[in-house]
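Throughout, a chain's letter reflects where its sequence line sits, starting with A, and its residues are numbered from 1.
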Amino acid sequence: MHDIRWIRENPDAFDSGLARRGLSALSAQALEIDAENRTITTELQDLQTRRNDASKQIGALKGKGEDASEQMAAVAAMKDNMNALEERQKETVSALRALLESVPNIPADDVPDGEDEDDNVELRCVGDKPTFDFDVRDHVDIGESLGLLDFEAASKLSGSRFVVTRGALARMERALSALMLDLHTDEFDYTEVNPPLLVRDEAAYGTGQLPKFEEDLFKTTTDHWLIPTAEVPLTNLVAGDILDEAKLPLRFTAHTPCFRSEAGAAGKDTRGMLRQHQFTKVEMVSICHPDASADEHERMTGCAEEVLKRLGLHYRVVVLSTGDLGFSAKKTYDIEVWLPGQDRYREISSCSNCGDFQARRMSARFRPEDRKGTNFVHTLNGSGLAVGRTLIAVIENYQQADGSIRVPDALKPYMGGIEVIAPADAA
RNA sequence: GGAGAGGUGGCAGAGUGGUUGAAUGCGGUAGUCUCGAAAACUAUUGGGCGUGCAAGCGUCUCGGGAGUUCGAAUCUCCCCCUCUCCGCCA
């Protein structure tokens, strides 16, 4: 959601922001609707003032038992005009809203311009690629031969893009979640939240999934949406609120399943558990002061990176180009982990600063201490991390020649004494 | 699923067609008093939008939407939500 008042004052900045996204200029159209809307509003308010005055006179006259027919006739004469104006106002308001809510966020100044993900810019690369003195296998080979990753069973139950994990790998998935949650809550000041997985239209609208990206979501028979990420419930926690400035930032983390239809991804990543209809993720969300969001964004990315460092996984951080930026984000860092089985880096976390874009949609504000009125908060979200993909990364990076998987040191406290996942554990 | 009750300002809670954006209490803020504080007293205290350099002025807003009326928190209709009892149930 964009601020029409900002567009009024900065039409060129708005249009050039859209241009960086490869979109055509819209400020002229928005301002035209806005101008008409304001003309109508002023005219309508003028009539309302006169009607209210007359009605008060009518009330006073009738109270004294006097005749008020003159005033009543005057109000009646205004009525058609008022109804027509109200109708036109509804149209201009909804036209303006439809325009403002359909336009993606304006990229931050320091986001690199580009067409697509090929134009993303690598910022840093941490750790080293592991070396193997045997032929590396991917997580599918390793997991299936251990009997702990079962795609056939999953397709029997649910079709494609689902997986069943068992035994030590199921446990490792749980261990990874616990490690991440403990890290974010104990060391990074995030409050653990266990939110609903089913949300209403308003929540999905607030974070920007609706109305444009309905086809990416699953919907229930009760008209709820299955969350595609915990960003939706966590961010909407402050929807409609006016927060105390002193309480910012609010930091939430949650471990939840995520559900995605992957409608536009037919034929993409069909092998393995890289792209599933259902996966779990530990999410971080920050609600912060506008002046603090850029720093908070760096901090949040660092929190996600720390998980990978603890797990000893090699990764790199890229900043998304304007062509790869999501709808609600003004700037996004992707963390890509090295997957030996794929011989490439794959996204394992995405940390976005949405500025006031989502806050505007859900009306999440704070009260500045030094000024009257309210201000929109800034919202940020990031995966810390996608658990399913982290499991893949551990499987592939910690594989051994005999087909077993070493348990990373950081996970050992959560693995009940298991140090190596070997075929023997498969039973 | 069945039966009932209810949604009013930060909170509690009045208000069933007339100058009510809304009594009263609590809370918040500022001030008076005080060496300071408490108490007391006084004033002030929602949000959105329009207009204006600003002060201000205007308008909308009593869960949401539609309607009746010169005028709606108050009347009608639809929807949403909360609570209580019963049933069912992890």
Worksheet item: Start at the 5' end of RNA chain B and walk down; is the nucleotide closest to Arg365(A) or to Gln71(A) reached first?
Response: Arg365(A)
Worksheet item: Does OP1 or OP2 of G17(B) have a side-chain N or O of Ser55(A) closer than 4.0 Å?
Response: no
Discussion item. Please enumerate all residues that pass side-chain hydrogen bond (donor to acceptor under 3.5 Å, both in side chains) together with His139(A), with sequence neighbours excluded.
Written reply: Glu396(A)
Item to complete: Quote, to the nearest angstrom, the C1' distance that separates G48(B) from C33(B).
Response: 40 Å
Worksheet entry | P-based separation of C11(B) from G71(B) [nearest Å] | 32 Å
Worksheet item: When rounded to the nearest Å, what value does the distance between P atoms of U74(B) and G4(B) take?
Response: 23 Å
Item to complete: Mind jotting down which residue pairs meet the side-chain hydrogen bond (donor to acceptor under 3.5 Å, both in side chains) criterion with at least one end in residues 149-163 of chain A? Sequence neighbours excluded, please.
Response: Asp150(A)-Arg166(A)
Fill in: Flag for His378(A)-Ser293(A): side-chain donor and acceptor within less than 3.5 Å
yes
Practice prompt. Could you give the distance separating U45(B) and G21(B) at their C1' atoms, to the nearest angstrom?
Written response: 13 Å
Worksheet item: Rounding to the closest angstrom, what is the interatomic distance between G6(B) and A23(B) at atom P?
Response: 23 Å
Fill in: Qualifying salt bridge (Lys or Arg N to Asp or Glu O under 4.0 Å) pairs with a residue from residues 210-221 of chain A, counting only residues at least two apart or across chains
Lys219(A)-Asp223(A)
So which protein nitrogen or oxygen atoms get under 3.5 Å of nucleotides 80-83 of chain B's nitrogens or oxygens?
unit_1	atom_1	unit_2	atom_2	d
C80(B)	O2'	Arg200(A)	NH2	3.4
C81(B)	OP1	Arg200(A)	NH1	3.4

Practice prompt. Scan for side-chain hydrogen bond (donor to acceptor under 3.5 Å, both in side chains) pairs involving residues 47-57 of chain A, sequence neighbours excluded, and state none if there are none.
Written response: Gln57(A)-Gln71(A)
Taking distance alone, no hydrogens or angles, what donor-acceptor pairs closer than 3.5 Å link side-chain atoms of residues 230-237 of chain A to residues at least two apart or in another chain?
unit_1	atom_1	unit_2	atom_2	d
Glu231(A)	OE2	Gln358(A)	NE2	2.8
Glu231(A)	OE2	Asn381(A)	ND2	3.3
Thr235(A)	OG1	Glu231(A)	O	2.7
Asn236(A)	ND2	Ala203(A)	O	2.8
Asn236(A)	ND2	Val232(A)	O	2.8

Worksheet item: How would you list, by chain and number, every residue that makes a ring pair (Phe, Tyr, Trp, His ring centres under 6.0 Å) with Phe213(A), sequence neighbours excluded?
Response: Phe327(A)
Worksheet item: Hey, which of these two, Val75(A) or Lys90(A), hits RNA chain B nearer its 5' end, going by closest nucleotide?
Response: Lys90(A)
Worksheet item: How close or far is atom C1' of G71(B) from atom CD of Gln57(A), stated in whole angstroms?
Response: 13 Å
Practice prompt. Just jot down the side-chain hydrogen bond (donor to acceptor under 3.5 Å, both in side chains) partners of Asp119(A), sequence neighbours excluded, or say none.
Written response: none
Worksheet item: Between residues 96-103 of chain A and RNA chain B, which residues have a heavy-atom gap below 4.0 Å?
Response: none
Item to complete: With sequence neighbours excluded, tell me which residues meet salt bridge (charged side-chain N to carboxylate O under 4.0 Å, His left out) with Asp109(A).
Response: none
Worksheet item: Does Asn10(A) have any side-chain hydrogen bond (donor to acceptor under 3.5 Å, both in side chains) partners at least two apart in sequence or in another chain, and if so, which?
Response: none
Fill in: nucleotides 52-63 of chain B: protein proximity per nucleotide (B base, S sugar-phosphate only, - neither; heavy atom, under 4.0 Å)
------BSS---
Worksheet item: When the P atoms of C83(B) and U24(B) are considered, how many whole Å apart are they?
Response: 32 Å
